[in-house]
Amino acid sequence: MSVVVGYVPDRTGFLAVTEAIQQARWRGCAVVVVNIVDEAGYTRPTAADEVDLDAVQQRLSAAGVQHRIEHRTGAGGTSAEVILEVAESEAAELVVVGLHRRSPVRKALLGSTAQRVLLDAPCPVLAVRAPAPS
């Protein structure tokens, strides 16, 4: 059993990891962080590089929770599909995803990873959103 968190290297992604840590402590289980680098590579802002993943690793270690980072490159499938696959294979108790501020038109044209995870997850989903920058 674990808490699976979809991670992107921004404020919302870091908040999602923080919430996953808290949930894992309450549930007494591990955290599995998932980041996907698709065919667009590191040009996409959702792709975490080594520095980003090292910071997440340090945060998880400092929190004292068992954890693993699934950094998938050329994963095949959408980010939502990969997150859902990991959640299923881990028998996740919870999936944590970050919500980003996007216009309705952009969501309609590009879809939403969080929306797909919310609709298709095999377990409860916690959606978090970082406060707007001041």
*Run the numbers on V31 and V17 for side-chain contact (heavy atoms from CB on, under 4.5 Å), then give the verdict.*
CA-CA 9 Å; V31 174; V17 170; 5.8 Å; no
[X] [atom1] to [Y] [atom2] distance, which is reported to the nearest 0.5 Å:
X	Y	atom1	atom2	answer
L94	R27	CG	CZ	4.5 Å
D52	N35	CG	CG	8.0 Å
R59	H67	CZ	NE2	11.5 Å
Y7	T12	OH	OG1	11.0 Å
T78	L84	OG1	CG	7.5 Å
E85	E70	CD	CD	8.5 Å

Which heavy atom of [X] sits nearest to which heavy atom of [Y], and what is that distance?
X	Y	value
A48	P9	CA-CG, 3.9 Å
C29	M1	CB-O, 3.6 Å
L99	R129	O-CG, 3.5 Å
V125	V97	CG1-CG2, 3.9 Å
G98	A16	N-CB, 4.3 Å
A20	V5	CB-CB, 3.9 Å

Are [X] and [Y] joined in one hydrophobic group, where the rule is that I, L, V, M, F, W and Y side chains link up if heavy atoms are under 4.5 Å apart?
X	Y	answer
V128	L60	yes
V34	V96	no
L53	V82	no
V32	L15	no
V56	V3	yes

_Greater than 12 external heavy atoms within 6.0 Å of Q57's CD_ =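 Yes - once you tally the heavy atoms of other residues, nucleotides and ligands closer than 6.0 Å, there are more than 12.
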_Q66 CD: over 12 foreign heavy atoms closer than 6.0 Å_ =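 For Q66, atom CD is not crowded (no more than 12 foreign heavy atoms under 6.0 Å).
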*Donor-acceptor pair, R25 side chain versus A63 backbone, under 3.5 Å?*
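Yes: the side chain of R25 pairs with the backbone of A63.
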